2 protein chains.
Amino acid sequence: MPPLVHRHPLAAQAAEILLARIRAGEWALGHKLPGETTLAAQLGVGRSTMREAIRELAGKGVLDSRQGAGVFVTALDVAEDWDAVLGRATVGAVIEARIAIEAEAAALAAHRRTPTDLRAIRRALAARALGDPDVEFLVDTDTAFHRTVLVAAHNDVLIELFDSFVPRVHRAMTDMLRARPITAPEEDQAAHLALVDAIADKDASAAAELSRAHLTALKEALS
Amino acid sequence: MPPLVHRHPLAAQAAEILLARIRAGEWALGHKLPGETTLAAQLGVGRSTMREAIRELAGKGVLDSRQGAGVFVTALDVAEDWDAVLGRATVGAVIEARIAIEAEAAALAAHRRTPTDLRAIRRALAARALGDPDVEFLVDTDTAFHRTVLVAAHNDVLIELFDSFVPRVHRAMTDMLRARPITAPEEDQAAHLALVDAIADKDASAAAELSRAHLTALKEALS
DNA sequence: ATACCGCGCTCCTCAGACAAGTAGACTAGT
DNA sequence: ACTAGTCTACTTGTCTGAGGAGCGCGGTAT
């Protein structure tokens, strides 16, 4: 979907063909490709064009060229970043994954939260309470609050996962809130306060359960 | 660690400098860079070299050049693939994330598993039981079993996450098992059978709890 | 058997030229 | 005044030819 109306330059076409041949297993993992002059002749393009195609694949981490030695295959396919994966998945599937990590993170946070963590969580909760009518502001402060819980869990992997999931859900949340605003803001805020209290009390199972309940409701609203 | 003993060609250096300037915010997200000739003159390299640098960043998804218009910024930084993130994290942190997704997946599988899923899970469990002394085989069959549970959860995001985590944990598991083999294989197999039964009985909370207990034990062993 | 050297192959870099495409300015017609 | 068409300057795309630099292999002398 990036091109649509975007003629492919020869270099890009050459890169595609080359990648296809690598995927097809024409050259094994550490093996050497034919020289650029040979490849250029095979595809019927100039050397510089061929070099640019190789550079593009080198940028993707598929090829590595060493002066004097040749061009070598360093990966049989491009490494997919999670934005690409999340783009293919449904919002429901993403939120289910979010439930998994946030519930676990809440439980971990109940064990590991420091006084500093707790202060940050409470501050984020207070910011969330400011009854701003702007939907964007509402979603952002809510996201910021949830993130402080993740930070309190002290697990880098979970934080990275959270940061990846949020942008995917953000749009869906704003659209949903614009169409159907929160009916009872006080009730919503109270639910979040209960989560904070559970973390403060080091009650891991309660924290996990409250987090799960909140996100499950969100999932229902978005599906 | 990729370079180590690997002189950087001019094109690679130019790409690095360019990326640094983009990261520094010199050009905003959709904005246009100076022309190739201008940039080449700025960095003191030939235009072909500059073009290769641009192509490399285009391969990383940071730049996009359109004939007649110019070169445009499409991302303010390279998208990180999860192998890089997981490489920085500790094995303990990765397993904690694995606990999060596998426990949730077990619960979802208890609800959504089809008869076909159940057959696949039982087949994988049986393969696991073959008391092969080879550690590699043991880890692989165990991984394959856990994956069938993920598949039964019918959530693509969770499966992708699992597939990403496994290679990171694989090495640690084989090393651990080689140093200290399983003392009671029958007991271990029984624990897995209990998980299967819970999924078959559609007992979500039991499935989640059994999965969590099993992986927590693994985490203790590996930390 | 080992150490050294040379040679061919490969990638790296540059310069110049022309083609192809875009976008804004300019102009003519309504 | 507004719109449509054209024109032009600037940009990226492609090719060619040339020389430089590094690597690896085989030959040779010790």
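All values derive from a computational prediction rather than experimental measurement. Below, read A as the first sequence line, B as the second, and so on, with proteins coming before strands; counting in each chain starts at 1.
Evaluation of the ring-ring contact (aromatic ring centres under 6.0 Å, His included) test over residues 79-108 of chain B, restricted to residues two or more places apart or in two chains, returns A:Trp82-B:Trp82. Among residues at least two apart or in separate chains, salt bridge (charged side-chain N to carboxylate O under 4.0 Å, His left out) pairs with a member in residues 40-51 of chain A are A:Glu36-A:Arg51, A:Arg51-B:Glu52. Residue pairs meeting the ring-ring contact (aromatic ring centres under 6.0 Å, His included) criterion with at least one member in residues 29-70 of chain A: none, sequence neighbours excluded. Residue pairs meeting the ring-ring contact (aromatic ring centres under 6.0 Å, His included) criterion with at least one partner in residues 34-61 of chain B, sequence neighbours excluded, do not occur; the list is empty.
Annotation: proximity of residues 56-71 of chain A to DNA chain C (heavy atom, distance under 4.0 Å) is found for A:Ser65, A:Arg66, A:Gln67, A:Gly68, A:Gly70, A:Val71, numbered in ascending order. Against DNA chain D, the stretch residues 12-34 of chain A makes no heavy-atom approach under 4.0 Å.
As rounded to whole Å, 14 Å separates atom C1' of C:dA19 from atom CD of B:Glu36. The CD atom of A:Glu52 sits 15 Å away from the C1' atom of C:dC11 (whole-angstrom rounding).
Counted within 6.0 Å of NE2 on B:His170, heavy atoms from surrounding residues, nucleotides or ligands total more than 12; the atom is thus considered enclosed. The local environment of CZ in B:Arg171 is sparse, with at most 12 non-hydrogen atoms from other residues, nucleotides or ligands closer than 6.0 Å. Within 6.0 Å of CG on B:Asp188 lie more than 12 heavy atoms contributed by other residues, nucleotides or ligands.
Side-chain contact between A:Arg212 and A:Glu102: absent, with no pair of heavy atoms (C-beta onward) separated by less than 4.5 Å.
Residues passing the ring pair (Phe, Tyr, Trp, His ring centres under 6.0 Å) test with A:His154: none are found, sequence neighbours excluded. For A:Phe145, the ring pair (Phe, Tyr, Trp, His ring centres under 6.0 Å) partners are A:His192, not counting sequence neighbours. Residues satisfying the ring pair (Phe, Tyr, Trp, His ring centres under 6.0 Å) test with B:Phe165, not counting sequence neighbours, are none.
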All N/O pairs under 3.5 Å across the protein-nucleotides 15-17 of chain C interface:
{"residue": "C:dA17", "atom": "N6", "partner": "B:Arg47", "partner atom": "NH2", "Å": "3.2"}

Under 3.5 Å, side-chain donor or acceptor atoms of residues 58-68 of chain A against the rest of the protein: list the pairs with distances, not counting sequence neighbours.
{"residue": "A:Lys60", "atom": "NZ", "partner": "B:Gly59", "partner atom": "O", "Å": "3.4"}

field: Intermediate values then yes/no, side-chain contact (heavy atoms from CB on, under 4.5 Å), A:Val91 and A:Lys219
entry: CA-CA 8 Å; A:Val91 176; A:Lys219 184 194 157 199; over 6 Å; no
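Of all nucleotides in DNA chain D, those with any atom nearer than 4.0 Å to a heavy atom of chain A start and finish, going 5' to 3', at D:dG13 to D:dC23.
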